[in-house]
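All values derive from a computational prediction rather than experimental measurement. Numbers restart at 1 for each chain; the letters A, B, ... are given by sequence-line order, proteins then strands. Below, all heavy atoms of this structure are taken into account, side chains as well, without hydrogens, waters or symmetry copies.
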There are 2 protein chains.
Amino acid sequence: MASIRDVAQKAGVAVSTVSRVLNNNGYVAADTRQKVLHTMEELDYMPNEVARNLFYNRTNFIGVMVPDIAHPFYATVIKYIEKELYHHGYKVVLCNTVEKSDREKEFVDMLRRHIVDGIIMGAHSLEIEKYRNLNLPVVALDRIIEGLPNICVDHCKGGRLAAEALLHSGCRNVVQVMGYRKVQSYSEQRHIIFSEVMKSHGVQVNSVELAWNLFDFQEYINVARKTLDDMPDVDGIFATDMVAMAFIKLLLERGRSIPEEVRIVGYDGTSYAESCSPSLTTIVQPMAELGKTAADAVLKLIGGQTLETDQILLDVELRQGSTTFS
Amino acid sequence: MASIRDVAQKAGVAVSTVSRVLNNNGYVAADTRQKVLHTMEELDYMPNEVARNLFYNRTNFIGVMVPDIAHPFYATVIKYIEKELYHHGYKVVLCNTVEKSDREKEFVDMLRRHIVDGIIMGAHSLEIEKYRNLNLPVVALDRIIEGLPNICVDHCKGGRLAAEALLHSGCRNVVQVMGYRKVQSYSEQRHIIFSEVMKSHGVQVNSVELAWNLFDFQEYINVARKTLDDMPDVDGIFATDMVAMAFIKLLLERGRSIPEEVRIVGYDGTSYAESCSPSLTTIVQPMAELGKTAADAVLKLIGGQTLETDQILLDVELRQGSTTFS
DNA sequence: CTGAAAGCGCTAACAG
DNA sequence: CTGTTAGCGCTTTCAG
């Protein structure tokens, strides 16, 4: 593999001259430039990015940590992170943290090891404590980590919209399925609001907790089955899209009609919600915007700028499906 | 940020000594080691990975190119690629090539620019021609690119299994939905076999072609609608999981019963297939194995080894759902 | 306009 | 066992 020195030698110029035509800066005579360009072509030269990165003290990589890449929510957000970053010359380094909380600490060390220039943290960060308030280019994605700027979705509104949808559809006895409690997560706020709104209207609210925020449909089926067995009179359900689909499946199997007997509101707005039958009424998170905004935020931090606010709150909306009355 | 020189200076030793304790090689007196270790602690030292990478001429990154990260098939495969790579000290650099065929060339250049050590190519590679037979650490994932080793799924068997399932369920007039033709893809082989098997049993096969291999559910719905309008007598459908779900939705809306009137076999075995209602009979691709195998293959190439075969073929199987008779 | 030289942070001979 | 030195491939002063 030809190096800059090989090019210089063959072209009969100094390496610095080659460097100058490479980066298009400094003065270089037209014919010298041509000669160098030609030699590069001949030698099929490609600059070694690692070497320039060492000099510039950057890598053009952004680490993106998520609990599960295969979950449609994260997969979609990452798609848009990648897209935005790409337009700015950065690349995404993936880190799936599922079942490996210590991987998070390790991943954050990537910043100090100069493996990545910044981090978008979409995972539960137990070990991130020591990096708080350090003004490192790290942003939290859809979760609140003290001392880190975050890009979140208005989950309070999400919870309220879900409650209103079920209320409007005439529910009197609902159940909501919540994430794993131990993982203190801002997004779970929606369940507090949901509960408040429902109760203020005299509706009975039962809460079921998942054992773990894992993406495992069979597990969801189990939870749904147990819930329906324990509370046969439930007439409304509020849960993540995928959990909601488990309920749909079970309810249909048991011959219950949707939405006549039971109404369901999902959360996330993944493609699952629109592709299933009946299509799920769901609270949609703006995944594209979330990704783009998070990407822009780290980029800004890397550029030495500061974010105007510690929290950027994105809007949610309800997408009407066939599991509630419109 | 403290460098190795700072540590050496403060500890009163040479940089090479620090380097030795860092890498645990060469002889270092126990107390010298302690002193150095202590100083590292004090200075909160972290080695600069870019510098060592420059020396070692590697990066520990593997580029993974896919047409669409958000597609559940790719998202899942990537999850397992990441997992396997992680265990070997490598990280995944993502590249979504959707609607940007020139990004592929650029991405392949990453190899020569020393941005990544290897590439797993899960995208349609129009521009990869010049890299053929170069013995670079590049493997094709679920597609055949001449001159590149590939890890594929036995799509012929997949097509046959699908045909047999529909045959067994009594179909006499089926339609199969194929990917975009222009993108010459090995995985489309299944449709040839499918067609052959069906026809050899005297079954009428119609083929519908998608305009683009894009992941867009609304588009799938349109295709399904047009297909059902054009061929109202269809009693069997063979399509990707997501396309199959569009058919399910439309058929149910039109009051057709599944599988009594129309039977459906999906392809991919994504989580969509099991979470929808009725659950989809589908040909499942071994996504976990696919990811692990591809990762191991690039790693092997990077290690200078050669693969025993140019093609590694993984098995598929049928997962029985409720859209066919069992 | 161009070349020589120093240096980014780290590793690996090679002498002591 | 430890320090000195050269060098990975590139960029950037600094002199001409």
Side-chain angles (χ1 to χ4, degrees), chain A residues 1-40 43-61 89 109-117 302, chain B residues 1-40 43-61 89 109-117 302:
Chain A
M1 192 112 289
S3 79
I4 195 172
R5 211 156 26 238
D6 300 325
V7 177
Q9 206 147 34
K10 181 136 195 217
V13 298
V15 281
S16 47
T17 304
V18 178
S19 174
R20 275 189 280 261
V21 345
L22 206 57
N23 299 286
N24 248 314
N25 65 11
Y27 297 96
V28 41
D31 54 337
T32 311
R33 151 167 284 114
Q34 280 316 311
K35 195 170 52 184
V36 171
L37 250 20
H38 181 146
T39 313
M40 285 179 170
L43 263 41
D44 201 18
Y45 169 72
M46 278 280 165
N48 182 326
E49 216 59 37
V50 178
R52 15 175 51 177
N53 285 347
L54 175 59
F55 181 86
Y56 289 123
N57 197 33
R58 48 105 161 112
T59 67
N60 284 326
F61 284 121
D109 276 348
M110 289 174 70
L111 214 47
R112 312 186 55 226
R113 291 178 177 279
H114 297 269
I115 291 176
V116 295
D117 293 341
I302 290 174
Chain B
M1 193 113 288
S3 81
I4 196 173
R5 214 160 19 244
D6 300 326
V7 176
Q9 204 149 33
K10 182 135 192 221
V13 297
V15 282
S16 50
T17 303
V18 179
S19 174
R20 275 189 280 261
V21 345
L22 206 56
N23 298 286
N24 249 313
N25 65 11
Y27 298 97
V28 176
D31 53 338
T32 312
R33 154 166 280 113
Q34 281 317 311
K35 196 168 54 185
V36 171
L37 249 22
H38 181 156
T39 313
M40 284 179 171
L43 262 42
D44 200 17
Y45 170 72
M46 278 281 165
N48 182 327
E49 216 59 37
V50 177
R52 15 175 51 177
N53 286 347
L54 175 60
F55 181 86
Y56 288 121
N57 198 32
R58 49 105 160 110
T59 66
N60 285 325
F61 285 119
D109 276 347
M110 290 175 70
L111 214 46
R112 313 184 56 226
R113 290 177 176 278
H114 297 267
I115 290 176
V116 296
D117 294 341
I302 290 173

Heavy-atom side-chain proximity of [X] to [Y] below 4.5 angstrom:
X       : Y       : answer
A:Lys35 : A:Asp31 : no
A:Asn24 : A:Arg33 : yes
A:Glu49 : B:Thr59 : no
A:Asn57 : B:Asn48 : yes

Which part of the nucleic acid, if any, lies within contact of [X], taking any heavy atom under 4.0 Å across all strands shown: a base, the sugar-phosphate backbone alone, or nothing?
X       : value
A:Ser3  : sugar-phosphate
A:Val13 : sugar-phosphate
B:Ser16 : base
B:Asn53 : nothing
B:Asn25 : sugar-phosphate
B:Asn57 : nothing

Using a cut-off of strictly less than 4.0 Å, decide whether [X] has a side-chain nitrogen or oxygen near OP1 or OP2 of [N].
X       : N     : answer
B:Thr32 : D:dT2 : yes
A:Thr17 : C:dC1 : no
A:Tyr27 : C:dG3 : no
A:Tyr56 : C:dG7 : no

Just the rounded figure in Å: distance from [atom2] of [N] to [atom1] of [X].
X       : N      : atom1 : atom2 : answer
A:Glu49 : C:dC8  : CD    : C1'   : 15 Å
B:Leu54 : C:dT11 : CG    : C1'   : 11 Å
A:Arg5  : D:dT11 : CZ    : P     : 13 Å
B:Arg52 : C:dG9  : CZ    : P     : 14 Å
A:Phe55 : C:dC10 : CZ    : P     : 16 Å
A:Asn24 : C:dC1  : CG    : P     : 14 Å
A:Leu22 : D:dG9  : CG    : P     : 15 Å
A:Lys35 : C:dG3  : NZ    : C1'   : 13 Å

message: Measuring from atom OH of A:Tyr45 to atom OG1 of A:Thr39, what distance do you get when rounded to the nearest 0.5 angstrom?
response: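 That separation rounds to 12.5 Å.
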
field: From CG (B:Leu22) to CE (B:Met46), nearest 0.5 Å
entry: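 Atom-to-atom, B:Leu22:CG and B:Met46:CE are 10.0 Å apart.
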
message: I'd like to know if the side chain of B:Arg58 pairs up with that of B:Asn53 as donor and acceptor (distance under 3.5 Å, no hydrogens or angles considered).
response: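 Result is yes, a qualifying pair exists.
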
message: Can a donor-acceptor pair be found, under 3.5 Å and without considering hydrogens, that links the side chain of B:Asn23 to the backbone of B:Asn25?
response: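 Not confirmed, B:Asn23 side chain does not pair with B:Asn25 backbone.
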
field: Contact nearer the 5' end of DNA chain D, comparing A:Tyr45 with B:Ala30
entry: B:Ala30

field: Base of C:dG9 paired with side chain of A:Arg113 (donor-acceptor, under 3.5 Å)
entry: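 Checked by distance alone, the answer is no.
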
Nearest-nucleotide pick for B:Arg20, side chain only, options being C:dC1, D:dG3, D:dC10: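 Between C:dC1, D:dG3, D:dC10, the one nearest the side chain of B:Arg20 would be D:dG3.
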
message: Could you work out how much the helix from C:dC1-D:dG16 to C:dG16-D:dC1 bends, comparing the axis of its first five pairs with that of its last five, to 10°?
response: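 The two end axes of the helix from C:dC1-D:dG16 to C:dG16-D:dC1 meet at 50°.
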
